[in-house]
Amino acid sequence: DEVVGLMALMARSVLNERPVFMKNNIRFRVIGNRKQLPPELCEDIREAEEETSGNSGMTLIVMLNYSGKWDILQAVEKYAGDGSSCGRLDEQKFSTYLSTAGIPDPDLMIRTSGEQRISNYMLWQCAYTEFYFTDTLWPDFRRSQFKAALEDYAGRQRRFGKTEVQVGE
């Protein structure tokens with residue numbers, strides 16, 4: 001019942017926000033496994049994505065029924081089904097098969113509610129992401145907590161897999 005209710009809420013939100021997306025030049029995208037979503041919701045999402053596809057001011061990406069393992073598996077399926085996939089596969093090429101192709105990998109991941117795991121979220125894309133953990137629950141996460149996360153992030157040295165010495169060279 002809870003999942004059905006959440007899906008209905010998502011469908012209403014998509015329909016209700018479409019005029020706002022158009023007014024503010026926002027492109028709307030949904031990333032995730034749509035095969036398990038109600039057909040009516042999939043149709044609403046498709047229509048909203050199509051209607052906003054020409055908007056260029058900002059892109060709002062909603063991860064709905066998304067999991068990192070699903071994303072990697074669907075990328076492998078796409079690669080296997082691609083007739084031109086005979087060449088060598090490297091990280092850059094593999095990334096083009098992910099559902100997040102063309103979207104920069106996250107620099108910062110904020111994990112609320114005291115959990116200290118990524119919970120199957122963007123497994124490939126978070127390879128060099130900085131993490132910030134807070135005990136604050138998501139519904140209570142406010143501007144002050146966001147500012148604290150950004151300040152913490154600003155004090156870090158991004159090394160992208162290199163040692164401190166390598167970064168200094």
Side-chain angles (χ1 to χ4, degrees), residues 1-14 17 21 26-46 48-49 52 58-82 85 88-143 145-162:
D1 288 344
E2 180 181 0
V3 172
V4 170
L6 289 171
M7 294 300 164
L9 177 63
M10 178 62 187
R12 280 194 307 275
S13 296
V14 168
E17 295 301 320
F21 298 155
I26 298 171
R27 180 179 176 210
F28 176 74
R29 284 188 59 194
V30 171
I31 295 175
N33 185 354
R34 297 184 192 194
K35 293 176 183 172
Q36 298 174 344
L37 299 177
E40 314 81 49
L41 177 57
C42 290
E43 181 60 19
D44 291 341
I45 290 169
R46 188 197 62 71
E49 287 178 328
T52 64
M58 183 171 106
T59 301
L60 171 64
I61 301 168
V62 175
M63 308 291 259
L64 183 62
N65 199 33
Y66 172 90
S67 84
K69 290 180 179 181
W70 164 84
D71 200 6
I72 292 169
L73 288 173
Q74 69 82 33
V76 169
E77 287 176 357
K78 281 183 187 176
Y79 175 73
D82 185 354
S85 63
R88 180 168 164 76
L89 184 63
D90 59 20
E91 289 179 23
Q92 186 175 357
K93 184 173 182 179
F94 183 76
S95 292
T96 67
Y97 291 94
L98 294 167
S99 64
T100 55
I103 301 168
D105 290 344
D107 292 312
L108 174 65
M109 182 74 67
I110 300 170
R111 179 64 172 156
T112 59
S113 70
E115 302 293 347
Q116 296 197 9
R117 62 177 187 270
I118 58 175
S119 298
N120 195 19
Y121 188 72
M122 300 184 83
L123 299 174
W124 180 272
Q125 300 86 340
C126 285
Y128 294 110
T129 298
E130 296 289 324
F131 288 85
Y132 179 81
F133 299 100
T134 178
D135 289 334
T136 305
L137 300 175
W138 171 247
D140 301 323
F141 193 82
R142 299 287 184 262
R143 183 175 297 191
Q145 285 92 2
F146 184 57
K147 185 177 178 186
L150 293 178
E151 287 172 356
D152 180 82
Y153 172 77
R156 299 182 186 188
Q157 180 188 43
R158 301 293 310 275
R159 296 191 317 236
F160 300 95
K162 296 179 179 177

For [range], pull every pair meeting salt bridge (charged side-chain N to carboxylate O under 4.0 Å, His left out), keeping only residues two or more places apart or in separate chains.
range            : result
residues 28-39   : R34-E49
residues 112-125 : E115-R117
residues 119-137 : E130-R156, E130-R158

As an exercise, state the distance from [atom1] of [X] to [atom2] of [Y], rounded to the nearest 0.5 Å.
X    : Y    : atom1 : atom2 : result
Q74  : S67  : CD    : OG    : 10.0 Å
R142 : T136 : CZ    : OG1   : 10.0 Å
D71  : I31  : CG    : CD1   : 7.5 Å
D105 : L98  : CG    : CG    : 8.5 Å
L108 : L150 : CG    : CG    : 6.5 Å
Y79  : L89  : OH    : CG    : 4.5 Å

Would you please test L41 and L64 for side chain to side chain contact (heavy atoms under 4.5 Å, CB included) and show each step? CA-CA 11 Å; L41 177 57; L64 183 62; 4.1 Å; yes
Partners meeting side chain to side chain contact (heavy atoms under 4.5 Å, CB included) with [X] (sequence neighbours left out):
X    : value
L123 : K69, I72, I118, N120
Q157 : R159, E164, V167
C126 : P106, M109, M122, T129, F131

Judged by modelled atom types alone, do R111 and S119 share a side-chain donor-acceptor pair under 3.5 Å?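 Checked: R111/S119 side chains pair up, N/O donor to acceptor below 3.5 Å.
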Please test Y121 against M63 for side chain to side chain contact (heavy atoms under 4.5 Å, CB included), starting from the C-alpha separation and ending with a verdict. CA-CA 9 Å; Y121 188 72; M63 308 291 259; 3.3 Å; yes
Below 30° counts as parallel, above 60° as perpendicular, anything between as tilted: where do the rings of F94 and W124 land?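 Geometry flag for W124 against F94: tilted rings.
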Parallel, tilted or perpendicular: ring planes of W70 versus Y66, cut at 30 and 60 degrees: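 W70 and Y66: perpendicular rings.
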Output all residues satisfying side chain to side chain donor-acceptor pair (under 3.5 Å) with [X], sequence neighbours left out; order by chain, then residue number.
X    : value
R27  : none
T52  : none
Y132 : none
Q36  : N65

List in chain and number order the residues that pass salt bridge (Lys or Arg N to Asp or Glu O under 4.0 Å) with E43, two or more places apart in sequence or in another chain; answer none if no residue qualifies.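 In terms of salt bridge (Lys or Arg N to Asp or Glu O under 4.0 Å), with neighbours along the sequence ignored, E43 is linked to R46.
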Restricting to ring pair (Phe, Tyr, Trp, His ring centres under 6.0 Å), what partner residues turn up for Y128, sequence neighbours left out?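 Not a single residue meets the ring pair (Phe, Tyr, Trp, His ring centres under 6.0 Å) criterion with Y128.
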Given the rule in the side chain to side chain contact (heavy atoms under 4.5 Å, CB included) test, do F28 and I26 qualify, once you have shown the distances and angles that lead to the verdict? CA-CA 6 Å; F28 176 74; I26 298 171; 5.5 Å; no
